[in-house]
Amino acid sequence: LSGKADQFKALQDRPGRFETSLEEASFDAWIKYYRPDENAINNQISYYDKGEIVNFLLDLEIRNASKGAKSLDDVMRYLYNEHYKKGRNYTPEDYQKISEMMAGKSLDDFFKRYVRGHDELDYNSSLNSVGLQLSINKGREQGYLGANLTQQGERLNVSSVPAGTPAYEQGLNANDQIIAVDGQRANLQFLNSYLGERKAGDKVKLTVFRFDELKEIEITLGGKGVETYRIASVSSPNDEQKSLYRSYFGTDLK
């Protein structure tokens with residue numbers, strides 16, 4: 001489950017997760033996802049990554065609603081037997097209908113919010129059904145710039161700037177080349193170390209080349225601690241949670 005927790009964190013770190021629904025991401029894949037630009041991080045999401053997570057949560061929803069009698073495996077088997085083997089296509093509406101057939105109840109709210117909509121994923125609502133919960137632990141807060149940087153030879157470049165970060169709000173642009181920080185020559189290792197010694201509210205002056213024009217940008221750092229995502233059992237799982245966990249993972253919940 002540690003790998004799944006890492007996937008949750010990776011998705012949460014994407015500013016674009018609210019801009020594009022899972023359905024839209026799938027539809028737009030061939031015109032946007034495989035041709036990203038410097039702003040893609042703010043308006044696109046991988047339908048592979050988010051799709052895997054949403055299907056994981058859907059599987060838990062089906063197992064919980066059917067008391068463990070059905071799962072996403074049954075949805076896939078039905079699609080294989082009734083569509084693929086018979087040469088029939090299926091629509092998003094068919095996928096929802098078959099999922100509801102296996103669950104034995106309407107899943108319209110789930111599909112409306114997490115497949116067609118832009119809602120934040122409620123991980124614990126689904127994880128709790130099998131006696132699990134997601135916890136997020138934050139480490140020591142340090143100075144936070146927020147830009148994604150790459151070192152290419154001697155050049156330290158800004159590859160992208162996520163929305164909502166100090167870098168985005170205070171004028172750092174994608175494709176800027178950072179020459180110095182507070183008058184000291186900058187490379188990726190030095191800059192990360194330098195920022196790690198700063199705290200929220202500290203100011204740093206970046207010297208950058210932007211289209212061959214030298215500029216100085218003063219940025220007030222934000223604060224951010226390193227987040228660790230962990231999936232663990234709930235404190236007092238009931239018999240139903242233990243049963244669903246056992247049917248899913250093939251071992252007892254501890």
Side-chain angles (χ1 to χ4, degrees), residues 1 3-84 86-130 132-134 136 160 162-164 229 231 244 248:
L1 289 173
K4 190 62 67 177
D6 290 341
Q7 287 182 312
F8 293 167
K9 183 181 186 304
L11 183 63
Q12 294 304 108
D13 288 342
R14 289 281 302 194
R17 70 187 189 276
F18 293 122
E19 297 298 322
T20 307
S21 73
L22 180 56
E23 191 172 74
E24 290 165 343
S26 177
F27 184 82
D28 290 344
W30 297 105
I31 59 174
K32 290 184 179 180
Y33 182 66
Y34 294 107
R35 286 187 264 180
D37 58 25
E38 65 275 5
N39 197 45
I41 192 171
N42 294 318
N43 58 30
Q44 294 179 33
I45 193 71
S46 167
Y47 71 104
Y48 290 115
D49 297 338
K50 188 173 182 179
E52 181 178 352
I53 292 172
V54 169
N55 271 322
F56 170 69
L57 300 180
L58 176 60
D59 189 15
L60 295 179
E61 290 288 321
I62 294 172
R63 289 172 184 268
N64 185 38
S66 67
K67 306 300 182 185
K70 299 292 183 181
S71 71
L72 191 63
D73 292 344
D74 294 287
V75 175
M76 296 298 142
R77 277 190 286 266
Y78 187 95
L79 288 170
Y80 179 76
N81 290 321
E82 298 299 322
H83 289 269
Y84 173 76
K86 295 181 180 180
R88 298 165 52 205
N89 293 323
Y90 66 91
T91 67
E93 291 75 22
D94 291 329
Y95 187 73
Q96 177 177 339
K97 182 178 179 181
I98 296 164
S99 297
E100 291 174 336
M101 180 171 64
M102 299 307 168
K105 72 167 194 176
S106 171
L107 295 172
D108 191 58
D109 185 62
F110 182 95
F111 278 83
K112 184 185 299 180
R113 295 177 63 192
Y114 305 137
V115 178
R116 298 187 295 273
H118 302 81
D119 284 16
E120 182 73 85
L121 297 178
D122 186 355
Y123 302 108
N124 280 330
S125 176
S126 299
L127 287 170
N128 286 169
S129 66
V130 291
L132 298 174
Q133 62 184 354
L134 175 69
I136 304 173
S160 61
Y229 280 43
I231 299 175
L244 286 174
Y248 194 178

Going by the salt bridge (charged side-chain N to carboxylate O under 4.0 Å, His left out) test, which pairs reach into residues 96-107, not counting sequence neighbours?
-> none
Nearest 0.5 Å please: distance from the CD1 atom of Ile136 over to the NZ atom of Lys9.
-> 9.5 Å
Results of side chain to side chain donor-acceptor pair (under 3.5 Å) for Glu52 - residues two or more places apart only = Gln7
Contacts of Asp108 meeting salt bridge (charged side-chain N to carboxylate O under 4.0 Å, His left out) (sequence neighbours excluded), chain-then-number -> Lys112, Arg116
How many angstroms lie between atom CD1 of Ile98 and atom CD of Glu82, to the nearest 0.5 angstrom?
-> 8.5 Å
Which atom pair, heavy atoms only, marks the closest approach of Ala103 to Ala65?
-> O-CB, 3.5 Å
Nearest-0.5 Å distance that lies between atom CG in Leu57 and atom CG in Leu72 = 11.0 Å
Ser129 side chain to Ser126 main-chain N or O, any donor-acceptor pair under 3.5 Å?
-> yes
Stepwise side chain to side chain donor-acceptor pair (under 3.5 Å) check, Glu93 with Thr91 | CA-CA 5 Å; Glu93 291 75 22; Thr91 67; 3.3 Å; yes
Which residue pairs satisfy the ring-ring contact (aromatic ring centres under 6.0 Å, His included) criterion with at least one member in residues 63-82, sequence neighbours excluded?
-> Tyr80-Tyr84
Applying salt bridge (charged side-chain N to carboxylate O under 4.0 Å, His left out), which residue pairs with at least one partner in residues 60-74 are found, sequence neighbours left out?
-> Asp59-Arg63, Lys67-Glu240, Asp74-Arg77
Could you walk me through whether Val75 and Leu58 pass the side-chain contact (heavy atoms from CB on, under 4.5 Å) test, one step at a time?
-> CA-CA 11 Å; Val75 175; Leu58 176 60; over 6 Å; no
Validation row: Phe8, Ile231 side chains within 4.5 angstrom (heavy atoms) | yes
Gap between atom CG of Leu134 and atom CG of Asn128 - 0.5 Å precision | 10.0 Å
Pairwise ring-ring contact (aromatic ring centres under 6.0 Å, His included) hits with a residue in residues 88-114, at least two apart | His83-Tyr90, Phe110-Tyr114
Roughly how far, to the nearest 0.5 Å, is CZ of Arg113 from NE2 of His118?
-> 14.0 Å
Do Ser99 and Ile62 come within less than 4.5 Å of each other through their side chains, counting heavy atoms only?
-> yes
One should read off an interatomic distance between Leu60 CG and Asn55 CG, to the nearest 0.5 angstrom, of 11.0 Å
Crowding at CG, Asn81 (>12 non-hydrogen neighbours, <6.0 Å) = yes
Is there a side-chain contact between Leu132 and Asn124 (heavy atoms, below 4.5 Å)?
-> no
